[in-house]
Engineer: 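Take a look at this one; I'll ask things after.
Note on naming: letters A, B, ... go to the chains in the order of the sequence lines (proteins, then strands), and numbering restarts at 1 for each one.
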Number of protein chains: 2
Amino acid sequence: MHQEQHPAPAPTRRLSREAIIDTALAQIDRSGAQSLSMRSLAQELGVEAMSLYRYVEGKDDLLERVVEQLMGDMTSRLDADLTEHWQGFLQALANEVRRLAVEHPKAFPLVATRPPAAPWLRPPLRSVELVNTFLSTLLGFGFTDEQAVHTYRSFSSFLLGQLLLEASVRGVDPVDTPFDDADPSGDDDESTLADAPQVLRLRPLLSEDRSEAEFETALEAVLDRLARDLAQ
Amino acid sequence: MHQEQHPAPAPTRRLSREAIIDTALAQIDRSGAQSLSMRSLAQELGVEAMSLYRYVEGKDDLLERVVEQLMGDMTSRLDADLTEHWQGFLQALANEVRRLAVEHPKAFPLVATRPPAAPWLRPPLRSVELVNTFLSTLLGFGFTDEQAVHTYRSFSSFLLGQLLLEASVRGVDPVDTPFDDADPSGDDDESTLADAPQVLRLRPLLSEDRSEAEFETALEAVLDRLARDLAQ
DNA sequence: ACCTGAACACCGTTCAAGT
DNA sequence: ACCTGAACACCGTTCAAGT
């Protein structure tokens, strides 16, 4: 029997939970979570869709595992970043989450908007392990329970707003965007802009991408505010 | 011919774009955007799915119209709120957007996360009319172009983070949540919390809902920061 | 043990046909 | 002019069957 000699008809030979999750993430990175289907994923793995159900409970579970993996990768990178001030910790954390958003702009909406498993797991900091690290680090720096929890909330909200916006800008495929500052008659927005003179006039300024600088100054503002709240 | 005497077999008699959008919003408010389908919407309107395509280009267009209607309602309420300081304007705007999030928690994710039509339309302030009002109001209070645009960005990010989190908490259906502070052995999270002592200990504090108060103090912090940036 | 074929109950959407 | 039946190309998921 000639079992191993004909070449694999698809990239991966043996199925595994890990391979499924990795391939799902790759497909999401390529074309968004919207267009991921059990069937297309199976096809890329060289298998029928039903085979996936041996390793994953269903599509919802699969997406949860993808999020889990992204969070896990991030958390392990964070452990190395030890600092002496709480500001340093929050800065390192913020940069790691931003890195996730920038490297996976099409997957980040999943991290940011999938319904959390528990009410005390707020996106985008959605792993128990990470939240525990967050809280115990701040408590270690002398925060009270209330201060640590309040900081967790402010910080989640800051990261969510800032990074979801940045990811959505970066996640858009570069399609007919290259030429959008030409054509002042505005064929893409037609008459909508006629009644919006300021938007029309400020369009170039509004379209500028200052995400990185904005992120850093906004982060400093948050840290300043927290420092003042603690001192008082 | 007895044309008008037999009772309507379904709620709405005559189809219209407006009825379609209203019913779609009602269905989203009830059970989330996820579970809205052209077929279920048609059924609620007493019609076949294909009839909807006379009034709406497709599902994507329909969702865009729902968002448009929510934004329109909000914008018209805002016009009445005239104020003497820019702080008052931003406060009124923030409260209107929050009201939208609180009244339509299951529809708000649509406002917050659907890909914007243009890069200078940032969620959740996603109508040209509203952005124009925003910019011209601030310019009218003496802001420079750069200041107005920067304020638009900070404010969008603040509203998005704060309100998406609040809406996601409020959007969850009250199912087996009533009793979740009993049962300290934690059957819902099982062993996950065993390695997360701080999360376990602070669970009650983390689960508290302080959204309204938090929103107000966070808003004040944003306004303070803007005022300081302007003065310097 | 691991994968699959066939089937079920759904989707969004098109188009020729009905009234 | 407005609605529909039938069809197409998809979905997620189950389950008995294959190897």
Engineer: If a pair satisfies side chain to side chain donor-acceptor pair (under 3.5 Å) and one of its residues is in residues 26-38 of chain B, list it, with sequence neighbours excluded.
Structural biologist: Q27(B)-S40(B), Q27(B)-E44(B), D29(B)-H104(B), R30(B)-E44(B), S31(B)-S35(B), S37(B)-S40(B)
Engineer: Tell me the stems DNA chain D sits in, counting at least three consecutive Watson-Crick or G-U wobble pairs, each under 3.5 Å on both distances.
Structural biologist: C:4-8 with D:12-16, C:12-16 with D:4-8
Engineer: Does E103(A) have any side chain to side chain contact (heavy atoms under 4.5 Å, CB included) partners at least two apart in sequence or in another chain, and if so, which?
Structural biologist: R99(A)
Engineer: Quick one: what's the B/S/- string for nucleotides 12-19 of chain C, heavy-atom cutoff under 4.0 Å, read 5' to 3'?
Structural biologist: BBB-----
Engineer: Rounding to a whole Å, what distance do you find between L52(A):CG and dC2(C):P?
Structural biologist: 15 Å
Engineer: Filter on salt bridge (charged side-chain N to carboxylate O under 4.0 Å, His left out), then keep only pairs touching residues 156-170 of chain A, sequence neighbours left out; what's left?
Structural biologist: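 Sorted result for residues 156-170 of chain A: R98(A)-E166(A), E166(A)-R170(A).
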Engineer: Taking only distance into account, with no hydrogens and no angle test, what donor-acceptor pairs under 3.5 Å do side-chain atoms of residues 54-64 of chain A form with protein atoms, sequence neighbours excluded?
Structural biologist:
| unit_1 | atom_1 | unit_2 | atom_2 | d |
| --- | --- | --- | --- | --- |
| K59(A) | NZ | L36(A) | O | 2.8 |
| D60(A) | OD2 | R114(A) | NH2 | 3.2 |
| D61(A) | OD1 | R65(A) | NE | 3.1 |
| D61(A) | OD1 | R65(A) | NH2 | 2.8 |
| D61(A) | OD2 | E57(A) | N | 2.9 |
| E64(A) | OE1 | R114(A) | NE | 2.9 |
| E64(A) | OE1 | R114(A) | NH2 | 3.0 |

Engineer: Send over the distance from Q34(A) CD to dC11(C) P, rounded to a whole Å.
Structural biologist: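 Rounding to the nearest Å, CD of Q34(A) and P of dC11(C) are 16 Å apart.
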Engineer: Roughly how many Å is it from CD in Q43(B) to C1' in dC3(D), rounded to a whole number?
Structural biologist: 17 Å
Engineer: Quick check on dC3(C): is either OP1 or OP2 less than 4.0 Å from any side-chain nitrogen or oxygen of Y55(A)?
Structural biologist: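 Affirmative; the distance criterion is met.
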Engineer: I need the CD-P distance between E48(A) and dT4(C), as an integer number of Å.
Structural biologist: 5 Å
Engineer: Can you name the side chain to side chain donor-acceptor pair (under 3.5 Å) partners of S211(A), sequence neighbours left out?
Structural biologist: D209(A)
Engineer: Where the side chain of R203(A) meets the backbone of W120(B), is there a donor-acceptor pair that is under 3.5 Å apart?
Structural biologist: no
Engineer: Quick one: salt bridge (charged side-chain N to carboxylate O under 4.0 Å, His left out) pairs with a partner in residues 153-165 of chain B, sequence neighbours left out?
Structural biologist: E214(A)-R153(B)
Engineer: For Q69(A), which residues count as a side chain to side chain donor-acceptor pair (under 3.5 Å) partner, sequence neighbours excluded?
Structural biologist: D22(A)
